[in-house]
Participant: 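Let me give you the structure first, and then I'll get to my questions.
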Amino acid sequence: MDTRDVYLDYAATTPVDERVIDAMAPYFRETWGNPNSLYRRGREAYTALESARERVAESIGASRPSEILFTSGGTESDNAALLGIMARTPESRRHLIVSAFEHHAVLEPAAYLGKSGYEVTYLAPGRDGQICSDDLRAALRDDTALVSIMHANNEIGTVQPVRALADITHQRGALFHTDAAQTLGKLPFDVSELGVDAASFSGHKIYGPKGIGALYLKRGTPFAPLLRGGGQEFKKRSGTQNVAGAIGFAEALEIMLAELSEESVRLASLRDRVIKGIAGSIENTSESATCPDRLPNIAHLIISGVEGEAMLLQLDAKGVSISTGSACSSGSLEPSHVLLSIGCPAELAHGSVRVSVGRFTSAEDVEYFLEVFPPIIERLRAMSPLYERMYGSTPH
Amino acid sequence: MDTRDVYLDYAATTPVDERVIDAMAPYFRETWGNPNSLYRRGREAYTALESARERVAESIGASRPSEILFTSGGTESDNAALLGIMARTPESRRHLIVSAFEHHAVLEPAAYLGKSGYEVTYLAPGRDGQICSDDLRAALRDDTALVSIMHANNEIGTVQPVRALADITHQRGALFHTDAAQTLGKLPFDVSELGVDAASFSGHKIYGPKGIGALYLKRGTPFAPLLRGGGQEFKKRSGTQNVAGAIGFAEALEIMLAELSEESVRLASLRDRVIKGIAGSIENTSESATCPDRLPNIAHLIISGVEGEAMLLQLDAKGVSISTGSACSSGSLEPSHVLLSIGCPAELAHGSVRVSVGRFTSAEDVEYFLEVFPPIIERLRAMSPLYERMYGSTPH
Amino acid sequence: MLYSDKVMDHFNNPRNVGVLEDADGVGEVGNPVCGDVMKISIKVSDDHIEDIRFQTLGCGAAIATSSIVTEMARGMSLPEAVSITKKQVADELGGLPPAKMHCSVLATDGLKKAVDDYLVRHGREPIAIGTIAHDDPDFDPHAQGHNDASDVHGG
Amino acid sequence: MLYSDKVMDHFNNPRNVGVLEDADGVGEVGNPVCGDVMKISIKVSDDHIEDIRFQTLGCGAAIATSSIVTEMARGMSLPEAVSITKKQVADELGGLPPAKMHCSVLATDGLKKAVDDYLVRHGREPIAIGTIAHDDPDFDPHAQGHNDASDVHGG
Ligand SMILES: Cc1ncc(COP(=O)(O)O)c(C=O)c1O
Ligand SMILES: Cc1ncc(COP(=O)(O)O)c(C=O)c1O
């Protein structure tokens with residue numbers, strides 16, 4: 001069977017949709033003015049920028065466009081939310097709570113705050129991959145200023161009960177931020193229904209360009225800017241705005257929402273086919289997280305007795321792109337902090353594989369993957385000095 | 001004479017060059033992988049990103065590609081440089097020196113540092129628009145950690161003696177950052193010849209896209225990241241990289257440099273024509289800064305007895321785009337801090353006009369501007385209750 | 001920051017520009033240091049504004065508000081004229097950007113001063129005195145403008 | 001992070017995979033918790049490595065370095081074999097990314113252990129003992145990898 005180009009890492013990044021490229025084009029060629037300039041060219045860019053802002057605000061149920069700040073991506077949004085809100089909380093509230101399996105874009109600023117006179121609590125998820133309300137209740141303190149818990153985890157795809165967590169947080173007078181980079185456009189996302197004070201989004205996860213993101217900041221939320229300068233974005237994020245990027249983000253988001261209901265069904269069935277297919281053709285595999293509340297597009301599996309990077313590279317040689325939580329794939333000593341946080345032993349975490357489907361994934365793509373994957377595992381297990389010893393049988 | 005679309009605000013932003021748009025296109029359509037992924041698609045994006053980095057490093061005379069960090073723009077680069085370097089300076093050096101006419105992207109983080117336990121000295125330029133070496137010498141202290149002085153001012157266009165200022169700074173054991181957003185590609189810029197430790201650049205000033213910039217950080221310069229997360233950009237700037245933007249930046253820069261020598265002559269003659277033309281047709285005007293060392297593309301003039309925004313809007317009605325340092329154009333109480341810093345009285349600063357020419361400015365464009373401008377000034381002066389009183393004559 | 005079409009119309013085609021030679025009252029407010037100065041001259045007959053002219057040094061909003069206020073005031077009684085509020089002026093123009101609201105104060109203050117000047121010239125009691133924002137030393141014309149997206153320092 | 005073509009070749013077509021049934025010496029290093037384990041078995045005749053096989057659980061670099069080290073060691077005298085350095089292994093592969101240098105230590109340590117195993121079995125003095133990084137409790141295999149651009153946590 002000929003090799004085939006099968007991209008199954010949509011959770012890492014997505015191609016830019018042709019409709020998004022077309023929507024951005026005029027902002028490179030004609031409407032390239034500085035939106036902060038007063039003359040026609042500037043006003044046109046300003047109008048375009050503000051229309052993009054309105055479209056995004058509308059799409060996520062914000063009560064006013066000025067609650068949307070355009071940023072350079074999910075990482076900037078997360079950094080701005082954590083650092084910006086904590087910088088403005090009263091002296092009496094210096095405590096931050098984040099989940100232990102947040103993206104590094106949240107964990108790193110949290111760790112920085114921990115070294116800068118704030119106190120940080122890392123909330124461990126359950127083995128099922130969900131943060132438990134009672135654990136949050138127990139962690140909240142009178143001096144808790146902010147809680148940041150992602151809407152869905154970017155590795156194992158488990159969805160968190162954000163509404164409940166936000167309510168519990170507010171009952172203690174703290175603010176709630178959620179990193180929604182993985183859920184925007186994939187699950188219904190309405191800031192008022194979820195009751196969050198801040199939320200982070202990224203363009204390149206929704207078939208928009210890289211280098212653009214957004215931060216929802218509920219009106220009145222205390223906030224100090226991360227980028228200081230000309231005072232753009234309502235004095236909350238300085239820098240000449242990426243107008244084309246903002247248009248691309250708005251366009252990408254509207255396409256996601258228009259297609260969400262049908263697409264989530266289609267993606268979920270592809271995802272389930274991946275899970276069943278692997279369970280049926282490869283022994284000693286399991287799903288990483290058991291929580292039923294899952295993103296429609298991510299399958300995350302543990303393949304015992306193999307190392308993730310080796311799997312990844314062998315699949316790559318067959319034209320298939322996936323990602324893994326093994327240490328070697330990140331160059332760090334530890335395997336994925338996400339897997340460790342849900343109690344997955346390191347030796348198994350090294351053999352984890354994330355398969356994430358998306359807009360351009362076909363059933364044929366999935367079948368191709370399911371065809372080429374088992375022989376690769378067999379070969380790698382045969383090469384391992386441990387597999388036979390650990391699992392008795394020679395692999396098949 | 002019919003109105004004509006004449007853009008004379010290239011210092012504010014530039015259109016994206018068609019060659020840059022073409023260079024970026026493949027990175028939306030084909031090479032859209034995440035440069036941090038290990039499979040082919042990721043490696044291709046990684047290779048593209050690193051090639052862009054090498055081209056930029058090469059273009060500015062950096063000794064290694066890893067001295068170039070891609071950012072979201074000039075503002076982020078300036079913020080990262082000031083906050084990142086000051087955060088890592090020894091306890092014994094808590095003093096920062098910036099010029100008083102820096103862009104707000106430098107002044108605001110400087111002011112923030114001033115409120116955060118650091119000491120900041122604002123160095124006033126001379127009336128000629130240049131920072132004097134002796135003033136810097138006098139301002140430097142044993143505890144000075146960093147000096148940040150822009151290469152050329154974005155309003156009046158005066159070029160600073162960066163090499164000399166950097167040497168003086170190093171003699172006192174401090175580091176030197178320069179904001180080169182306005183000079184990159186317009187004047188020769190070589191980090192080793194200039195002897196700077198850090199420099200900020202912006203893509204949309206050099207016919208590249210908005211939302212991309214770069215920070216040169218000399219190897220070994222103490223630095224704490226502004227954006228924390230996945231550890232991209234050598235752990236100095238996290239966030240999935242804007243690959244298309246980086247390619248666009250590199251392409252835009254190389255085009256600027258290839259055309260620099262011819263273009264700077266052409267632009268300088270257009271600039272001089274603007275200056276002479278206005279001097280010859282409108283009374284009571286003057287150049288804002290007398291320093292001969294000037295950007296080739298910026299003419300900055302004071303038109304006595306008129307208010308800048310009114311000029312701007314009347315020119316806009318004729319299809320001409322310029323900018324002004326009047327208070328009303330920024331909505332703040334004060335007119336341009338740049339003009340005040342060189343001793344220009346507020347009442348004159350309100351009447352300042354910046355005319356900046358660029359790649360697509362023709363001699364006809366300039367002649368058109370020179371034709372429509374004088375009647376506008378005449379009309380506005382005639383409408384003013386002060387002009388006749390102040391200048392005796394009725395305007396002509 | 002965007003101006004309404006009506007603001008742009010009054011800015012590009014200001015009404016009643018000039019000085020009345022034999023004015024009955026003249027009012028001037030503002031300061032070139034702040035970038036805006038306005039002068040209004042009126043002719044009054046039986047306590048109504050019969051004719052009116054203005055001169056303004058200032059931004060688009062300053063000129064447009066000056067122009068519209070002269071149109072509003074023409075034919076008004078003096079008490080009516082001095083009771084024109086900055087909000088009425090802004091509304092009449094279809095609104096002003098927050099950063100520009102102060103410009104309508106310039107216009108109404110200029111008118112008030114002109115009316116009081118007329119009254120004082122005729123030995124009568126001024127009626128606007130005390131309500132003129134520009135006479136208040138603590139008056140910060142730009143106080144409102146500060147959370148406005150337009151309030152930026154561009155390239 | 002990019003692997004050289006030679007690394008990819010040895011990863012995709014590893015040489016000498018397997019176990020020698022009647023091995024004269026066997027060495028195993030690494031730990032599944034760290035994600036890599038390597039086992040080398042050798043046949044020795046008059047103190048030269050006559051035949052050699054490996055099994056490796058690990059990343060691309062771990063497998064490639066295992067494969068190349070078996071090729072390098074075949075035919076070498078025992079002293080030569082134990083003196084192969086991680087740098088020689090990496091060079092032989094056309095270089096390794098900084099974050100992967102430790103994998104070549106896995107390969108050389110495995111070989112050293114196999115040689116010492118042979119010597120000890122024959123009542124002789126081990127010659128590699130003390131030079132085996134994995135025997136050092138403080139050994140941090142990833143210590144080198146830490147200022148490398150590839151060391152990122154992606155989407
Ligand atoms: C001198 C200078 N520094 C910094 C900036 C900010 O760069 P950016 O608009 O890319 O944020 C600009 C332009 O706005 C500038 O002219
Ligand atoms: C959950 C989550 N948060 C944040 C990020 C970072 O976003 P960006 O890559 O746009 O900086 C990502 C993706 O990398 C993500 O999956």
Side-chain angles (χ1 to χ4, degrees), chain A residues 7 9 12-16 18 21 25 28-29 32-34 36-42 71-76 78-79 103-109 111-112 202 204 209-212 226-231 238-245 309 312-313 315-316 319-323 329, chain B residues 7 9 12-16 18 21 25 28-29 32-34 36-42 71-76 78-79 103-109 111-112 202 204 209-212 226-231 238-245 309 312-313 315-316 319-323 329:
Chain A
Y7 185 71
D9 201 16
T13 194
T14 58
V16 185
E18 281 296 331
I21 295 176
F28 294 126
R29 291 205 163 76
W32 46 262
N34 187 321
N36 311 298
S37 300
L38 295 178
Y39 42 75
R40 196 200 89 250
R41 231 175 229 306
T71 70
S72 64
T75 297
E76 185 189 331
D78 284 335
N79 277 258
H103 190 275
H104 287 87
V106 165
L107 289 179
E108 291 299 321
Y112 170 73
S202 176
H204 73 94
K210 295 172 174 56
I212 188 77
L226 183 64
L227 299 187
R228 299 159 189 276
S238 291
T240 300
Q241 297 92 332
N242 179 354
V243 179
E309 190 204 275
L312 184 156
L313 292 172
L315 280 169
D316 183 41
V320 178
S321 305
I322 55 87
S323 82
S329 73
Chain B
Y7 185 71
D9 201 16
T13 195
T14 57
V16 185
E18 282 294 332
I21 296 176
F28 293 127
R29 289 205 164 77
W32 46 262
N34 187 322
N36 311 298
S37 301
L38 295 179
Y39 42 75
R40 197 201 88 251
R41 229 175 234 304
T71 69
S72 65
T75 296
E76 185 189 331
D78 284 334
N79 276 257
H103 189 274
H104 288 86
V106 165
L107 289 179
E108 291 299 321
Y112 169 73
S202 175
H204 72 94
K210 295 172 174 58
I212 187 79
L226 183 62
L227 299 187
R228 298 160 188 274
S238 291
T240 300
Q241 298 93 330
N242 178 354
V243 179
E309 189 203 276
L312 184 156
L313 292 171
L315 281 168
D316 183 41
V320 178
S321 306
I322 54 89
S323 81
S329 72

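Each chain gets a letter, A, B and so on, in the order the sequences are listed, and its residues count up from 1.
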Participant: Let me see the working for B/T14 and A/W32 under side-chain contact (heavy atoms from CB on, under 4.5 Å), right down to the final yes or no.
Facilitator: CA-CA 7 Å; B/T14 57; A/W32 46 262; 5.8 Å; no

Participant: Taking every non-hydrogen pair under 4.5 Å, which of B/A111, B/S238, B/G42 racks up the most with chain A?
Facilitator: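 Of the candidates given, the most pairs with chain A belong to B/S238.
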
Participant: Given the options A/P109, A/P209, A/G73, which has more heavy-atom pairs under 4.5 Å with chain B than any of the others?
Facilitator: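 Looking at each option in turn, the highest pair count goes to A/P109.
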
Participant: Quick check on side chain to side chain contact (heavy atoms under 4.5 Å, CB included): which of A/N79, A/V106, A/D78, A/T75 does B/R228 satisfy it with?
Facilitator: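 Of all the options given, the one that passes is A/N79.
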
Participant: Please classify the contact of A/N242 with chain B as side chain, backbone, both or neither, using a heavy-atom distance under 4.5 Å.
Facilitator: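 For A/N242, heavy atoms of backbone and side chain both lie under 4.5 Å from chain B.
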
Participant: Rounded to the nearest 0.5 Å, how far apart are CG of A/L38 and OG of B/S321?
Facilitator: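 Rounded to the nearest 0.5 Å, the CG-OG separation comes to 10.5 Å.
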
Participant: Report the option among A/G33, A/A244, A/G74, A/G245 that has the most heavy-atom pairs separated by less than 4.5 Å from atoms of chain B.
Facilitator: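 Option with the top pair count is A/G33.
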
Participant: I'd like to know if the side chain of B/D316 and the backbone of A/R40 have a donor-acceptor N/O pair within less than 3.5 Å.
Facilitator: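 Judged by distance alone, yes, a pair lies under 3.5 Å.
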
Participant: Side chains of A/Y39 and B/L312: closer than 4.5 Å at any heavy-atom pair?
Facilitator: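 Contact flag for A/Y39/B/L312 side chains = yes.
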
Participant: Counting heavy-atom pairs under 4.5 Å to chain B, which of A/T71, A/L315, A/I322 comes out on top?
Facilitator: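 Greatest number of close heavy-atom pairs with chain B: A/I322.
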
Participant: Under 4.5 Å between any side-chain heavy atoms of B/R29 and A/I21, yes or no?
Facilitator: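 They are in side-chain contact.
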
Participant: In the structure I gave you, are the side-chain heavy atoms of B/L227 and A/L226 within less than 4.5 Å of one another anywhere?
Facilitator: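 Yes - at least one pair of side-chain heavy atoms lies under 4.5 Å apart.
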
Participant: What part of A/F28 gets closer than 4.5 Å to chain B, counting heavy atoms only: side chain, backbone, both or neither?
Facilitator: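 Both parts, heavy atoms under 4.5 Å.
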
Participant: Just how far is it from atom OG1 of B/T13 to atom CD of A/Q241, taken to the nearest 0.5 Å?
Facilitator: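 Here the rounded value is 10.5 Å.
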
Participant: Could you report the tightest heavy-atom contact between A/S37 and B/D9, atom names first, then the distance?
Facilitator: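 Looks like OG-OD2, 4.0 Å.
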
